[in-house]
Amino acid sequence: MFLPDAVILVSGVLLLLGIASSKFSARLGVPVLVMFLGLGMLAGSEGIGGIAFENYPLAHGIGTLALAMILFDGGLRTPYRSLAAAWKPAGVLATLGVFLTAMITGLSATWVLGFSPLEGLLLGSIVGSTDAAAVFSVLRSGGVQIRRRLSDTLEVESGSNDPMAIFLTVGLMQVLAGDRTLGLGLGLLFLNQIVVGAGVGWLFGRLGVWVINTIQLDSAGLYPLLATAFAFLSFGFAAEFGGSGFLAVYLTGIVIGNRRPVFHRGSLLFHDAAAWLSQIVMFTVLGLLSFPSRLFGVVGPGLVIVATLVFVARPIAVWVSTLGFRFTVREQTFLCWGGLKGAVPITLATFPFLLGLPFAPQMFDVVFFVVLISALAQGWTLPWAARKLGLERPRSAESPVTLELSSLRHVEGDIVDYFVAADSKAANRMLRDLALPDDVVVALIVRDRQVQLPKGAFRILPGDHAVVVLRPNVRPLVDRVFARREAVEVTLPSDLEFPLKGATKVGDIERFYEIRLGPDPELTLDAAIRQRLGSAEIREGASVRWGQIELRVRQRSEDGQIETVGMVIVPGND
């Protein structure tokens, strides 16, 4: 058998085992990165696989490529509202928080391992950042459902804190190698990482959306690959000019994901698979690099560094960084415990090997041990911590029905499958009484594995799956009707006009959307507007206002009846 054949065979076996590990991880509650690292260790030279692998430059390259794919996928799934809500605290955590964590952990490493101050600070810098792959994995598919602002802060922090960690790591290694001195040069290096990375990420995100929506491709499957190409271009250009490729690729994903280009949902599915493949490959390869026999030699100092990192450095960094951002003590405690470590520290720990620094093997072993213990202890207990702190939100039932709206050109529409829970506002109500926005269609109901086509008098029951065709801009209203009461957001967007039928009753609007209008609940919107304005003033564009709600006449029938009303949430008024 030729070597390439053996590599393909081993890769297939490891991929199957990696997928199986993800299933065991979900059942056992163990973070997937721990399972994949364990798989790599078992396959390594000291495990049952006997694969001898100690190529640190290759592992660094694989880890960098895989992290780029994971960050791009994370960016695609990060809405602007999450960024707007979390960028300030996340930005401080990603800079000042990483710096404080590195300083405190570095002092511990200097004392425990006998390193010089610069060497200890280098180790602290390597383990100072929160890992995006670990956080995305635990928060998005690991069973942790927490308050949105809290999860947004952790995700945005993990996606944007790599520049600080890389700046500290690269800068300190250059100082240790004698190529740079501490001073202004290091500050400029960090500034260049941030500015170039952010600028290139935004630019290639906008360019990527324009190209994807403009170009005509013969196969729909090429559109996700086109998006991937812009992700790699963003990373490469930023890195070429001294910027952070990781920050650039994350921002490129955010811009493309929020612009909803052609085959948006198909791209999400493709990149979800690519991110999973990247996690399996990256953590397995990093596991192959480890030598369990050497890990036993760093258990003592490793545990001290883990304790310092988890119970001293991260808490101080969180408390200082979140001052003034109105986080509760419980939320700050969860942010402390959510500082998961993962692939980034292990990948950064390969840097000293590239420069041939004498302490590289010991530092790699300590970092690997710290990541393994941190991921196992914190990642495993994160759902428990969320419950104990009272921060967990109810998780919506998984949907067995999956549909996709696809076209070779952009379609402003979604097909959404809602599971109707017992506490959903739509439960036990007839379809015609749901006060759904105009042009929203309940296409079918799945009940007891049977498809039913609903009419106006059809009664929706708990346990049903309602497949709804809608425009993305009315999604917040439809979510309120069908989602579980605990799962919906308290506020509606104030920058959108929601179309409603004129025949909808005021009471139904108040009941389903928790909005107080004021007129008689039995009046229709048509009658309520007429009562307020008088029939003579009814014309398209006319509006009335009750508190924070403004109703606008959008469309009238030939006999003068108001067919469509636009509802706008006006901010800043009671």
Side-chain angles (χ1 to χ4, degrees), residues 405 410-416 418 420 424-426 429-445 452-460 466-483 488 491-571 573:
L405 184 64
H410 184 60
V411 176
E412 279 292 336
D414 286 335
I415 297 180
V416 183
Y418 290 100
V420 182
S424 168
K425 294 177 182 178
R429 295 189 179 275
M430 288 189 288
L431 182 61
R432 65 189 178 202
D433 296 332
L434 294 185
L436 291 170
D438 195 33
D439 295 334
V440 171
V441 177
V442 180
L444 57 90
I445 298 292
Q452 303 189 36
L453 303 178
K455 303 294 184 182
F458 185 92
R459 187 173 296 276
I460 297 174
V467 179
V468 183
V469 183
L470 50 82
R471 290 192 177 96
N473 64 311
V474 300
R475 177 73 178 268
L477 286 183
V478 183
D479 284 350
R480 287 220 168 192
V481 174
F482 286 102
V488 296
T491 58
L492 290 170
S494 59
D495 57 345
L496 295 176
E497 181 174 299
F498 300 104
L500 299 168
K501 296 180 179 66
T504 303
K505 290 184 178 182
V506 169
D508 291 334
I509 298 295
E510 294 178 337
R511 182 182 308 111
F512 285 106
Y513 305 130
E514 299 177 2
I515 293 172
R516 179 65 181 167
L517 289 178
D520 184 350
E522 294 302 315
L523 291 177
T524 64
L525 295 180
D526 177 15
I529 294 174
R530 289 179 184 280
Q531 188 182 78
R532 185 73 170 267
L533 291 179
S535 298
E537 298 295 327
I538 300 299
R539 64 184 184 279
E540 292 185 4
S543 64
V544 296
R545 185 166 169 180
W546 287 278
Q548 284 188 259
I549 307 302
E550 183 174 281
L551 299 178
R552 299 171 183 170
V553 179
R554 296 184 61 169
Q555 187 177 1
R556 298 177 64 195
S557 64
E558 293 181 358
D559 60 359
Q561 297 296 311
I562 302 175
E563 290 187 338
T564 309
V565 175
M567 182 177 72
V568 180
I569 314 296
V570 182
N573 292 282

Rounded to the nearest 0.5 Å, what separates atom [atom1] in [X] from atom [atom2] in [Y]?
X	Y	atom1	atom2	result
Lys455	Leu431	NZ	CG	10.5 Å
Ile529	Ser543	CD1	OG	9.0 Å
Asp433	Asp508	CG	CG	6.0 Å
Met567	Ile509	CE	CD1	6.0 Å
Leu444	Phe458	CG	CZ	10.0 Å

> How would you list, by chain and number, every residue that makes a side chain to side chain contact (heavy atoms under 4.5 Å, CB included) with Arg554, sequence neighbours excluded?
Replying inline: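 Arg554: side chain to side chain contact (heavy atoms under 4.5 Å, CB included) contacts with Glu497, Pro499, Thr564.
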
Looking at every heavy atom in both [X] and [Y], which two are closest together, and how far apart are they?
X	Y	value
Ala443	Pro454	O-CD, 3.8 Å
Arg556	Arg539	NH1-CA, 4.0 Å
Ala435	Thr504	CB-CG2, 3.6 Å
Glu540	Gln555	OE2-CA, 3.8 Å
Arg511	Arg429	CD-NH2, 3.1 Å
Tyr418	Asp479	OH-OD1, 2.6 Å

>> List the residues meeting salt bridge (charged side-chain N to carboxylate O under 4.0 Å, His left out) with Glu563, not counting sequence neighbours, and say none if there are none.
In response: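 Glu563: no salt bridge (charged side-chain N to carboxylate O under 4.0 Å, His left out) contacts found.
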
> Hey, mind stepping through Leu436 and Phe512 against side chain to side chain contact (heavy atoms under 4.5 Å, CB included) and telling me if it holds?
Replying inline: CA-CA 9 Å; Leu436 291 170; Phe512 285 106; over 6 Å; no

> So Trp546 and Leu551, side chain to side chain contact (heavy atoms under 4.5 Å, CB included) or not? Walk me through it.
Replying inline: CA-CA 8 Å; Trp546 287 278; Leu551 299 178; 3.5 Å; yes

Heavy-atom side-chain contact between [X] and [Y] under 4.5 Å:
X	Y	value
Val568	Ile549	no
Val544	Leu533	yes
Leu470	Val416	yes

Sequence neighbours left out, cut at 3.5 Å: what donor-acceptor pairs do the side chains of residues 517-524 make with other protein atoms?
{"residue": "Asp520", "atom": "OD1", "partner": "Glu522", "partner atom": "N", "Å": "3.0"}
{"residue": "Glu522", "atom": "OE1", "partner": "Lys505", "partner atom": "NZ", "Å": "3.3"}
{"residue": "Thr524", "atom": "OG1", "partner": "Ala527", "partner atom": "N", "Å": "3.1"}

> Are Glu510 and Val506 close enough, and set up right, to give a side chain to side chain contact (heavy atoms under 4.5 Å, CB included), and what steps lead you there?
Replying inline: CA-CA 6 Å; Glu510 294 178 337; Val506 169; 3.9 Å; yes

> Passes side chain to side chain contact (heavy atoms under 4.5 Å, CB included), Val565 versus Val553? Steps please.
Replying inline: CA-CA 5 Å; Val565 175; Val553 179; 5.9 Å; no

